[in-house]
Protein chains: 2
Amino acid sequence: MSQDNKRPLTLRDVSEASGVSEMTVSRVLRNRGDVSQATREKVLAAAKDLGYVPNKIAGALASNRVNLVAVIIPSLSNMVFPEVLTGINQVLEDTELQPVVGVTDYLPEKEERVLYEMLSWRPSGVIIAGLEHSEASRAMLEAAGIPVVEIMDTDGKPVDAMVGISHRRAGREMAAAILKAGYRRIGFMGTKMPLDHRARKRFEGFTETLARNGIEIEDRAFYSGGSALAKGREMTQAMLERSPDLDFLYYSNDMIGAGGLLYLLDQKIDVPGQIGLAGFNGVELLQGLPRQLATMDACRKEIGQMAARIIAARLAEPAQPVENHVTLTPKISFGDTLKRR
Amino acid sequence: MSQDNKRPLTLRDVSEASGVSEMTVSRVLRNRGDVSQATREKVLAAAKDLGYVPNKIAGALASNRVNLVAVIIPSLSNMVFPEVLTGINQVLEDTELQPVVGVTDYLPEKEERVLYEMLSWRPSGVIIAGLEHSEASRAMLEAAGIPVVEIMDTDGKPVDAMVGISHRRAGREMAAAILKAGYRRIGFMGTKMPLDHRARKRFEGFTETLARNGIEIEDRAFYSGGSALAKGREMTQAMLERSPDLDFLYYSNDMIGAGGLLYLLDQKIDVPGQIGLAGFNGVELLQGLPRQLATMDACRKEIGQMAARIIAARLAEPAQPVENHVTLTPKISFGDTLKRR
DNA sequence: GTGAAAGCGCTAACAG
DNA sequence: CTGTTAGCGCTTTCAC
């Protein structure tokens with residue numbers, strides 16, 4: 001069976017064990033070129049018997065091919081990026097490509113490090129969240145000479161391809177729906193993340209539409225850390241004590257929105273009659289709350305899928321031009337917390 | 001500035017641009033060995049100017065060192081593994097090591113494929129969830145000749161090291177607390193995942209303690225897919241309609257437990273007086289619910305941290321023996337849904 | 001259908 | 001402190 005010394009097995013070991021040249025062993029193991037059924041079986045038997053695991057490092061160096069796709073995202077902990085990954089995985093599973101993920105914690109310097117690190121493995125493509133990168137990062141992406149898809153956001157100019165939604169527009173549309181429903185005294189709650197450009201753009205779009213209608217946000221609050229649900233609850237309480245005449249609360253994400261919703265229900269406040277609520281993301285997780293929070297789907301899975309498809313298509317047919325700039329359009333779901341009219 | 005042809009830059013390019021030998025360039029870029037300040041600066045300037053990104057593939061092959069740690073987990077979508085990853089990341093960030101994650105979807109065959117794939121990159125260590133693996137997987141882990149830490153579970157025999165909690169014991173302790181509080185007519189709800197061995201062990205431990213006290217579960221139900229919160233709500237309703245005299249509901253995870261809790265509150269059922277509830281995991285996310293669900297912390301972050309520390313220590317001091325079998329002991333938090341006595 | 005030779009881009013091990 | 005030489009384990013290319 002398997003060896004006992006510490007040296008990992010090489011092709012040569014399989015070659016010797018099977019009496020077939022290294023070259024032919026290599027061909028069998030990769031299913032490349034014609035090999036007679038007889039030798040093929042001999043080789044496979046020997047490889048399996050020894051417990052041989054090919055060395056991709058050597059293979060990649062020799063062939064100048066690496067079936068890795070670097071996926072660079074800000075965070076794993078907020079439920080939105082895992083869904084993007086799921087979409088990417090689904091698509092890449094039908095290809096030779098393998099995703100490798102790196103996390104930046106929303107820090108440009110860390111993004112730069114992670115990108116450098118990943119590029120040093122010479123991946124076949126890059127999927128990276130956002131359109132805002134340090135100059136050095138952009139330079140690396142441009143110089144890499146591989147397909148690059150920037151995801152989540154389409155408010156800006158990509159290095160190469162992009163797939164996402166317009167967060168600015170998402171903010172505008174939510175503002176429009178809120179105004180249309182008759183709400184006028186609006187409070188905002190979000191994360192204290194100056195580097196979350198997508199949240200910022202939503203906020204900008206939101207206030208822009210309000211302003212165009214002569215309205216300004218009456219109160220705002222930001223949080224960081226802790227359980228989003230609990231923060232939503234606390235902040236909502238604090239805000240309503242401070243500004244009791246608000247008639248709408250817009251949250252930068254569904255989790256804090258849900259916290260707010262639970263608080264209002266506790267307080268027996270009429271939602272959406274007295275106060276309306278809306279979040280952002282379309283988190284499936286929250287189905288099952290006593291009321292459905294109004295929200296807007298960020299199209300996370302689709303974004304992952306399309307990004308992966310673009311990479312795969314580019315690599316399969318480098319010549320064929322591929323749809324490069326994809327803007328998905330999320331729709332509002334009114335749920336039970338935003339009057340419909 | 002950067003090049004425009006498609007060939008990636010090599011050390012040789014930097015060498016020529018700086019007039020320093022490849023070897024010395026290599027030393028500068030890796031901070032190895034003594035290099036005069038003057039040449040160091042020349043080299044760094046040239047590298048930066050060209051936009052050189054080292055080729056780790058070649059480096060790894062030549063040095064026979066790969067600073068990658070394979071992390072193999074069943075899922076990214078249920079909030080528990082991202083937390084484990086966070087713990088791993090925290091610790092590895094202070095080292096040269098880089099985690100690379102693979103996802104198995106709770107499928108042994110997929111675990112085997114992923115493991116094979118990862119081992120073919122010759123990582124320096126493996127962190128893998130669970131103690132149950134296919135024979136082939138175990139063989140690969142044993143033959144790899146690198147530190148292997150099996151995490152989450154300690155009810156079984158690891159290939160090498162393990163860090164986790166005893167899920168069987170967790171189940172037993174929860175059963176004991178429930179009985180002690182005086183509940184007797186108990187229902188169980190969980191996921192339909194025959195391959196989630198940890199959930200199974202918790203369930204076994206749970207029923208074992210009940211049986212030892214002459215009690216059997218009166219009703220049970222399993223779900224798959226969908227929003228756990230919504231499922232918890234639906235299943236709880238269905239179960240109580242079917243078995244209206246239950247006085248306790250034990251859930252295999254906090255999310256469905258929270259769904260159940262919300263349902264009972266809606267129905268104005270007295271919790272924990274008429275019916276008690278408990279889940280499992282200690283999900284921080286749920287703080288902010290109107291009541292705190294009784295639960296048991298799975299020590300996710302600590303597990304990730306300790307596993308990473310074991311790998312790091314082993315690689316730093318291969319001789320030094322390292323604490324190999326770590327069993328953490330979660331405590332029950334009673335919250336507001338399990339009578340305390 | 002199979003094999004031999006060369007070399008991928010880097011670093012270990014020496015030599016100066 | 002700096003340079004030279006020889007591979008790492010595989011695949012490409014070409015020959016048989």
Side-chain angles (χ1 to χ4, degrees), chain A residues 3 6-44 46-47 50-67 96 117 119-124 144-145, chain B residues 3 6-44 46-47 50-67 96 117 119-124 144-145:
Chain A
Q3 44 134 32
K6 70 278 327 308
R7 177 182 62 77
L9 294 161
T10 68
L11 218 41
R12 164 177 237 107
D13 296 306
V14 182
S15 163
E16 283 169 1
S18 61
V20 176
S21 78
E22 281 187 50
M23 197 50 238
T24 301
V25 171
S26 167
R27 280 194 271 252
V28 170
L29 266 22
R30 285 176 300 145
N31 281 313
R32 280 255 193 300
D34 295 324
V35 181
S36 75
Q37 192 54 28
T39 40
R40 152 170 270 98
E41 275 161 18
K42 248 193 309 190
V43 168
L44 289 174
L50 292 170
Y52 172 69
V53 176
N55 185 330
K56 287 218 179 181
I57 308 244
L61 183 61
S63 66
N64 193 26
R65 261 196 294 273
V66 183
N67 292 323
E96 301 277 66
E117 196 71 24
L119 288 180
S120 73
W121 288 100
R122 299 288 186 266
S124 296
Chain B
Q3 43 133 35
K6 69 281 324 309
R7 176 182 63 77
L9 294 162
T10 69
L11 217 40
R12 165 179 235 106
D13 295 309
V14 181
S15 164
E16 282 168 3
S18 62
V20 177
S21 78
E22 281 187 50
M23 195 53 233
T24 300
V25 172
S26 167
R27 279 194 271 252
V28 171
L29 265 23
R30 285 177 300 146
N31 281 316
R32 281 255 193 298
D34 296 323
V35 181
S36 76
Q37 190 55 28
T39 40
R40 151 171 270 96
E41 275 161 18
K42 246 191 310 188
V43 168
L44 288 175
L50 293 171
Y52 172 69
V53 176
N55 185 331
K56 287 220 178 176
I57 308 243
L61 183 61
S63 66
N64 196 27
R65 260 195 296 271
V66 183
N67 292 325
E96 300 277 67
E117 196 71 24
L119 288 180
S120 73
W121 288 101
R122 300 287 186 267
S124 295

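Residue numbers begin at 1 in each chain, while the letters A, B, ... track the order of the sequences.
The distance from atom CG of Leu29(A) to atom P of dC10(D) is 9 Å, rounded to the nearest whole Å. Rounded to a whole Å, the CD1 atom of Ile57(A) is 13 Å from the P atom of dT11(D). One interatomic measurement links the two molecules: CZ of Arg7(B) to C1' of dG9(C), which rounds to 11 Å at whole-angstrom precision. Atom-to-atom, CG of Asn64(B) to P of dC10(D) comes out at 12 Å; the value is rounded to the nearest Å. Following rounding to the nearest Å, Leu61(A) (CG) and dG9(D) (C1') show an atom-to-atom distance of 9 Å. Here dA4(C) presents its P atom at 10 Å from CD of Glu22(A), a figure rounded to the nearest Å. Spacing between atom CG of Asn67(A) and atom P of dT11(D) amounts to 12 Å, rounded to whole angstrom units.
The phosphate of dC10(C) (OP1 or OP2) has a side-chain N or O of Tyr52(B) nearer than 4.0 angstrom. Listed pair Ser36(A) / dG1(C) fails the phosphate criterion, with no side-chain N or O lying under 4.0 Å from OP1 or OP2. In this structure, Ser26(A) reaches the dT11(D) phosphate: one of its side-chain N or O atoms is under 4.0 Å from OP1 or OP2.
When atom types are taken as modelled, the side chain of Ser63(A) and the backbone of Gly59(A) share a donor-acceptor pair closer than 3.5 angstrom. For Ser124(B) (side chain) and Val66(B) (main-chain N/O), a donor-acceptor pair under 3.5 Å exists by modelled atom type. Looking only at distances, no side-chain donor or acceptor of Ser120(A) sits under 3.5 Å from a matching main-chain atom of Asn55(B).
An angle of 30°, rounded to 10°, separates the two end axes of the helix from dG1(C)-dC16(D) to dG16(C)-dC1(D), each defined over five pairs.
Considering CD of Gln37(A) and OG1 of Thr39(A), their distance stands at 8.0 Å, rounded to 0.5 Å. Considering CZ of Arg65(B) and NZ of Lys56(B), their distance stands at 12.0 Å, rounded to 0.5 Å. Of the inter-residue distances, the one linking Arg32(B) atom CZ with Ser26(B) atom OG reads 9.0 Å to the nearest 0.5 angstrom. With rounding to the nearest 0.5 Å, the separation of CG in Leu50(B) from CD in Glu16(B) is 10.0 Å. Taking CD of Glu41(B) as the start and OG of Ser36(B) as the end, the distance is 9.0 Å to the nearest 0.5 Å. Atoms CG and OH, from Leu44(A) and Tyr52(A) in turn, are 12.5 Å apart once rounded to the nearest 0.5 Å.
The residue among Asp34(B) and Val53(A) whose nearest nucleotide of DNA chain D lies closer to the 5′ end is Asp34(B). Comparing Arg122(A) and Gly33(A) along DNA chain C, the residue whose closest nucleotide (by nearest heavy atom) sits nearer the 5' end is Gly33(A).
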Every protein N/O within reach of nucleotides 12-16 of chain C N/O, cut-off under 3.5 Å:
| from | atom 1 | to | atom 2 | distance (Å) |
| --- | --- | --- | --- | --- |
| dA12(C) | OP1 | Arg65(B) | NH2 | 2.4 |
| dA12(C) | OP2 | Arg30(B) | NH1 | 3.3 |

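The stretch residues 10-21 of chain B touches DNA chain C through Thr10(B), Leu11(B), each having a heavy atom under 4.0 angstrom from the strand.
A side chain to side chain donor-acceptor pair (under 3.5 Å) with Arg40(A) holds for exactly one of Thr24(A), Asn31(A), Asp34(A); it is Asn31(A).
For Asn55(B), whose side chain is taken as the heavy atoms from C-beta onward, the closest listed nucleotide among dG9(D), dC10(C), dC1(D) is dC10(C). In the set dG3(D), dC10(D), dT2(C), dG3(D) carries the atom at the smallest distance from any side-chain atom of Thr24(B).
Within a 6.0 Å radius of CZ in Arg12(B), no more than 12 heavy atoms belonging to other residues, nucleotides or ligands are found.
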The test is side chain to side chain contact (heavy atoms under 4.5 Å, CB included); show your working for Ile57(A) and Trp121(A) and say whether it passes.
CA-CA 10 Å; Ile57(A) 308 244; Trp121(A) 288 100; 4.1 Å; yes

